[in-house]
2 protein chains.
Amino acid sequence: MTVDLAIFTVRGDQLMVLLIERGVEPFLGRAALPGGYVQKDETLRDGALRELWEEAQVDGGRLHLEQLGAYGDPWRDPRGRVVTIAYLALGPDLPTPVGGTDARRAYWAPVSEVINGVRELAFDHPAILADALEEVRRKLEYTAVAAAFCGETFTLSELRTVYEAVWGQYLDPSNFRRKVLKTEGFVRPTGERRLPPTGRPAALYRRGSADLLSPPLLRRVDES
Amino acid sequence: MTVDLAIFTVRGDQLMVLLIERGVEPFLGRAALPGGYVQKDETLRDGALRELWEEAQVDGGRLHLEQLGAYGDPWRDPRGRVVTIAYLALGPDLPTPVGGTDARRAYWAPVSEVINGVRELAFDHPAILADALEEVRRKLEYTAVAAAFCGETFTLSELRTVYEAVWGQYLDPSNFRRKVLKTEGFVRPTGERRLPPTGRPAALYRRGSADLLSPPLLRRVDES
DNA sequence: CCCCTAAAGGTCATATTGACTTAAACACCG
DNA sequence: CGGTGTTTAAGTCAATATGACCTTTAGGGG
């Protein structure tokens, strides 16, 4: 029984996922999602948090962590029957982590490159990553987790950039602002402002109390 | 490693869940969700389908089955560390199943009674059932699975009754009809009709090709 | 002091929803 | 054979939400 983690962050205007280069067999040297065995006395969530730290030196306290599901096809691991519980983590632009015990190194990779097959992942991690990606995209529609990608305080432009990076589509700044501000509990103004490199200062917000957005903030379906 | 099943159906105007009376220790004689050990050579889904049949003689071919998640707290099972993968199943009004090997008997119980604590479930099954219930309610909003509760063909009133039973709230028949019919791929007319005990004949539909509803069919939030 | 840029705020046509009303189709009853 | 009750089916209308687009504001830099 193992846990595997799909850890996402937004850097610049790209959605990134944390990958490791495996330092042990099987799939030695191959790219993979961080993860490892669950210990006997810990919860699945605690196991995920521990692996997060061991393999990538990422502190779980600051990021959103939720279970994605169990992957247990008998042939998914060449070593034999290994069921893995996949977790989804979202965090602000984190420092590039160093490798851990079972990982030669850890690094952020653009999700688009991994999905396109430019990098080949070990095990059934391509499927896990695909499911995780769809889940994040869906979560942004129906919940207020997008703020988990931002720092403690953020501007509405930063928040919009998160949506654009995750969904891969342009959003009208004005309509986005209207939707976010009139959705009760989405964000809470701090009263402070931040100066962009150029242009008018932007108001700063912090995450609100709401978890669900109703009505949701739907992405366009066409995407041609 | 086990699988547990939260199997729902709509009977009359009530949402029902399939329970078993445990025939073995621990929790002998207690009500529980059907489930059992996963075998070495089967997928998690196949294990769920097998347990479905063994413990409740329910044929999985006709119902919607999806994974809910993994429950793995170290103390959830008095026997020791047992991680269970919970599955959610939705089906039309099924015949009352007989008990299986590890179950003295199997029966349908109103979900409301179980949630209220009138019946106490074994293990952490109360939490699993609560999660399953919320998942069904959410699924009805964003997907077209509601038809899984109906037979091969059904009237719009039957479909609306499903929503009302699951959400526990009244829906305006006229607005429901408009929403369903104008949502592309939700239902497909068969051309036939069905005579109710009294009143105008109702057109029959079968499930359409759509999986997701966009925009979704949201339930009211207040429900006071 | 003017220009450029991004934030902030507004307009307007369109789509969707909730509450409500009206018409249609059948069985039953006298 | 026509009236009555019941359920399906269809329509109206105001309130709300959305997408596309425009104008104003508040900075920095030349």
Side-chain angles (χ1 to χ4, degrees), chain A residues 12-13 140-142 150 153-164 167 169-205 210 212-224, chain B residues 12-13 140-142 150 153-164 167 169-205 210 212-224:
Chain A
D13 58 350
L140 287 210
E141 290 187 302
Y142 303 119
C150 303
T153 65
F154 49 88
T155 67
L156 293 185
S157 291
E158 288 175 334
L159 190 64
R160 180 171 46 82
T161 302
V162 166
Y163 274 89
E164 292 179 332
W167 287 350
Q169 64 183 215
Y170 167 82
L171 294 179
D172 182 88
S174 186
N175 294 336
F176 181 80
R177 147 184 306 277
R178 177 180 59 189
K179 174 69 180 177
V180 171
L181 291 184
K182 84 171 342 186
T183 299
E184 195 173 356
F186 197 162
V187 295
R188 196 157 44 93
T190 65
E192 298 179 0
R193 299 189 305 168
R194 175 180 297 169
L195 295 182
T198 172
R200 177 174 175 171
L204 283 174
Y205 298 84
L212 272 65
L213 305 182
S214 72
L217 176 47
L218 298 173
R219 62 199 204 248
R220 289 193 302 280
V221 280
D222 59 76
E223 184 63 23
S224 58
Chain B
D13 57 352
L140 288 210
E141 291 188 302
Y142 304 119
C150 302
T153 64
F154 50 88
T155 68
L156 293 185
S157 293
E158 288 175 335
L159 190 64
R160 179 170 48 81
T161 302
V162 166
Y163 274 88
E164 293 179 333
W167 288 349
Q169 65 182 214
Y170 167 81
L171 294 179
D172 182 88
S174 187
N175 293 337
F176 180 81
R177 149 183 305 278
R178 176 181 60 189
K179 174 68 180 178
V180 171
L181 290 184
K182 85 171 341 185
T183 299
E184 196 173 355
F186 196 163
V187 297
R188 196 157 44 93
T190 65
E192 297 179 1
R193 298 189 306 167
R194 174 180 299 170
L195 296 182
T198 173
R200 177 172 174 173
L204 283 174
Y205 298 84
L212 273 65
L213 306 182
S214 70
L217 176 48
L218 299 174
R219 62 199 204 248
R220 288 193 303 279
V221 279
D222 59 76
E223 186 61 24
S224 59

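So you know, we letter chains A, B, ... as the sequences are listed, proteins then strands, and number each from 1. Keep in mind that what you see is a predicted model, and the values were worked out from it rather than measured.
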A:T198 or B:G199: which one's nearest nucleotide on DNA chain C is closer to the 5' end?
-> A:T198
Determine the minimum heavy-atom distance between A:C150 and A:V162, stating which atoms define it.
-> SG-CG2, 3.9 Å
[X] side chain N/O closer than 4.0 Å to the phosphate oxygens (OP1, OP2) of [N]?
X      : N      : answer
B:K179 : C:dT17 : yes
B:R193 : C:dC26 : yes
B:S174 : D:dG11 : no

Let me know the distance between [atom1] of [X] and [atom2] of [N], rounded to the nearest Å.
X      : N      : atom1 : atom2 : result
A:R178 : C:dG9  : CZ    : C1'   : 11 Å
A:L156 : D:dA26 : CG    : P     : 17 Å
B:Y205 : D:dA9  : OH    : C1'   : 9 Å
B:L217 : C:dG18 : CG    : P     : 8 Å
B:N175 : C:dC20 : CG    : P     : 11 Å
B:L204 : D:dT8  : CG    : P     : 12 Å
B:L195 : D:dT7  : CG    : C1'   : 12 Å
A:L171 : C:dA7  : CG    : P     : 14 Å

Of all the nucleotides listed ([options]), which has the minimum atom distance to the side chain of [X]?
X      : options                : result
A:R160 : C:dA27, D:dT8, C:dA7   : C:dA7
B:R200 : D:dA26, C:dA24, C:dA27 : C:dA24
A:P201 : C:dA27, D:dC21, D:dG27 : D:dG27
A:K182 : C:dA27, D:dG28, D:dA17 : D:dA17
A:R177 : C:dA7, C:dT16, D:dG5   : C:dA7

Among B:R178, B:R177, B:K179, find the one that has a side chain to side chain contact (heavy atoms under 4.5 Å, CB included) with B:L181.
->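 Passing option: B:R177.
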May I ask you to say what B:P196 touches in the nucleic acid, namely base, sugar-phosphate or nothing, with a heavy-atom cut-off under 4.0 Å?
-> nothing
Can you tell if the side chain of A:S214 reaches within under 4.5 Å of the side chain of B:R220, non-hydrogen atoms only?
-> no
For B:Y205 and B:L159, run side-chain contact (heavy atoms from CB on, under 4.5 Å): C-alpha distance rounded to whole Å, both residues' side-chain angles, the deciding distance at 0.1 Å, then the answer.
-> CA-CA 10 Å; B:Y205 298 84; B:L159 190 64; over 6 Å; no
Could you check B:R219 against B:Y163 for side-chain contact (heavy atoms from CB on, under 4.5 Å), going step by step and ending with a plain yes or no?
-> CA-CA 9 Å; B:R219 62 199 204 248; B:Y163 274 88; over 6 Å; no
